[in-house]
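Below: the structure, in structure tokens.
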Amino acid sequence: SSTMSFSEAEVQSARGAWEKMYVDAEDNGTTVLVRMFTEHPDTKSYFTHFKGMDSAEEMKQSDQVRGHGKRVFSAINNMVQHLDNSEAFLGIVTPLGKKHATQLKIDPKNFRIICDIILQLMEEKFGGDCKASFEKVTNEICTHLNNIYKEEGW
């Protein structure tokens, strides 16, 4: 499971697709989180400082939501830069997975939720081809995170 099978063409198109999103990392990251909290309200329970926020508008304005949205996008950006190097990719995914599993105790199904929302936003903004070229990346991220969770005894 440690070898990733991305062709050079897949790496390039995935990076191209991601770049469009990452240009507005904070805004797009915020949109993704607000959508997740709105459509899956249980996900808010992990973020003590977001709990009292009910309106999407309030969340959008929150520095904490914006900050976390940017952090999520930065982490994915790091992974995207290393799609052609599984060792480096795992070096980013592994500590992230361990932290979310052991310290934060985030249910791993939430990674799939957030990835699906990212894909949805990509499609809305840049079309189906953009989404399609990034789908394999999100599957790869979720697979590796789930493997780390299994190793941590989830």
Side-chain angles (χ1 to χ4, degrees), residues 1-37 39-40 42-50 63-154:
S1 72
S2 67
T3 45
M4 295 191 298
S5 52
F6 284 95
S7 69
E8 189 51 43
E10 284 173 325
V11 169
Q12 292 313 324
S13 71
R15 281 186 185 150
W18 176 250
E19 258 163 43
K20 294 177 181 172
M21 288 288 279
Y22 196 63
V23 174
D24 295 312
E26 193 174 314
D27 280 343
N28 286 331
T30 302
T31 299
V32 167
L33 284 186
V34 170
R35 218 173 258 196
M36 179 174 79
F37 294 148
E39 294 170 8
H40 306 270
D42 56 304
T43 57
K44 271 201 300 189
S45 63
Y46 294 109
F47 297 89
T48 47
H49 43 277
F50 304 166
D63 289 340
Q64 280 111 333
V65 175
R66 298 189 73 78
H68 196 71
K70 201 172 178 181
R71 268 201 301 285
V72 169
F73 268 50
S74 297
I76 294 173
N77 193 55
N78 280 340
M79 295 172 203
V80 168
Q81 301 319 312
H82 297 97
L83 293 175
D84 42 11
N85 178 343
S86 31
E87 209 175 314
F89 180 89
L90 285 172
I92 297 157
V93 179
T94 304
L96 195 91
K98 282 193 166 150
K99 185 184 179 186
H100 282 75
T102 59
Q103 286 174 35
L104 305 170
K105 309 210 185 309
I106 306 284
D107 188 318
K109 76 173 184 337
N110 294 316
F111 296 120
R112 186 71 260 173
I113 291 172
I114 207 165
C115 282
D116 286 344
I117 295 171
I118 288 171
L119 291 173
Q120 187 187 20
L121 188 62
M122 272 186 157
E123 185 168 31
E124 285 165 22
K125 291 190 129 187
F126 309 111
D129 289 351
C130 186
K131 177 194 172 184
S133 59
F134 204 67
E135 256 169 321
K136 190 170 176 181
V137 177
T138 61
N139 292 339
E140 203 66 48
I141 292 170
C142 289
T143 299
H144 285 293
L145 286 168
N146 283 326
N147 290 341
I148 294 155
Y149 268 71
K150 281 187 197 115
E151 285 162 23
E152 294 298 330
W154 270 72

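Bear in mind the structure is a predicted one, so any value in this text is a computation, not a measurement.
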Exercise for the section: Give the intermediate values and the outcome of side chain to side chain donor-acceptor pair (under 3.5 Å) for residues E140 and H144. Expected result: CA-CA 6 Å; E140 203 66 48; H144 285 293; 3.0 Å; yes
Exercise for the section: Would you please test D84 and R15 for side chain to side chain contact (heavy atoms under 4.5 Å, CB included) and show each step? Expected result: CA-CA 11 Å; D84 42 11; R15 281 186 185 150; 3.3 Å; yes
Handout entry: Within residues 118-134 or reaching into it, pairs that qualify as salt bridge (Lys or Arg N to Asp or Glu O under 4.0 Å) - sequence neighbours excluded
Key =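 Every salt bridge (Lys or Arg N to Asp or Glu O under 4.0 Å) pair that includes a residue of residues 118-134, provided the two are not neighbours, is R35-E124, E123-K131.
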Exercise for the section: Measure from the side-chain N and O atoms of N77 to the backbone N and O of F73, and report whether any donor-acceptor pair falls under 3.5 Å. Expected result: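 Pair absent, no side-chain N/O of N77 close to backbone of F73.
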Handout entry: Main-chain N/O of D27 paired to D24 side chain as donor or acceptor, under 3.5 Å
Key =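 Checking the backbone N and O of D27 against the side chain of D24, no donor-acceptor pair under 3.5 Å is found.
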Donor-acceptor contacts, no H, no angles, side chain residues 91-101, under 3.5 Å, sequence neighbours left out:
unit_1 : atom_1 : unit_2 : atom_2 : d
T94    : OG1    : L90    : O      : 2.7
H100   : ND1    : L96    : O      : 2.9

Handout entry: NZ (K136) with more than 12 external heavy atoms under 6.0 Å
Key =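 Enclosed: over 12 neighbouring heavy atoms sit under 6.0 Å from NZ of K136.
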Practice task
Fit a plane to each ring of F47 and H49, take the angle between them on a 0 to 90° scale, and name the class: parallel (under 30°), tilted (30 to 60°) or perpendicular (over 60°).
Solution key: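 Judged by the thresholds at 30° and 60°, the geometry between F47 and H49 is perpendicular.
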Between [atom1] on residue [X] and [atom2] on residue [Y], distance to nearest 0.5 Å:
| X | Y | atom1 | atom2 | value |
| --- | --- | --- | --- | --- |
| N28 | L33 | CG | CG | 11.5 Å |
| M36 | C115 | CE | SG | 10.5 Å |
| Y22 | Q81 | OH | CD | 8.5 Å |
| L145 | I148 | CG | CD1 | 5.5 Å |

Locate the shortest heavy-atom distance separating [X] from [Y]; write the atom from each residue and the value.
| X | Y | result |
| --- | --- | --- |
| L83 | V11 | CB-CG2, 4.1 Å |
| A17 | M122 | O-CE, 3.7 Å |
| E10 | S5 | OE1-O, 3.6 Å |

Practice task
Begin from the C-alpha positions of F50 and V65 and carry the test side chain to side chain contact (heavy atoms under 4.5 Å, CB included) through to its verdict.
Solution key: CA-CA 8 Å; F50 304 166; V65 175; 3.6 Å; yes
Problem - Centroid-centroid distance, W18 to F126, less than 6.0 Å - result: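 Between F126 and W18, which both carry aromatic rings, the centre distance is not below 6.0 Å.
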Considering only distance and modelled atom types, tabulate donor-acceptor pairs under 3.5 Å from the side chains of residues 106-113, sequence neighbours left out.
unit_1 : atom_1 : unit_2 : atom_2 : d
D107   : OD1    : K109   : N      : 2.9
N110   : ND2    : D107   : O      : 3.2
R112   : NE     : D116   : OD1    : 3.2
R112   : NH1    : N139   : OD1    : 2.8
R112   : NH2    : D116   : OD1    : 3.0
R112   : NH2    : T138   : OG1    : 3.3

Handout entry: Worked verdict on I141 versus F89 for side chain to side chain contact (heavy atoms under 4.5 Å, CB included)
Key = CA-CA 9 Å; I141 292 170; F89 180 89; 4.0 Å; yes
Problem - V80 side chain reached by F134 side chain, heavy atoms, under 4.5 Å - result: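 Answer yes - side chains close enough.
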Problem - Stepwise side chain to side chain contact (heavy atoms under 4.5 Å, CB included) test for V72 and V32 - result: CA-CA 10 Å; V72 169; V32 167; over 6 Å; no
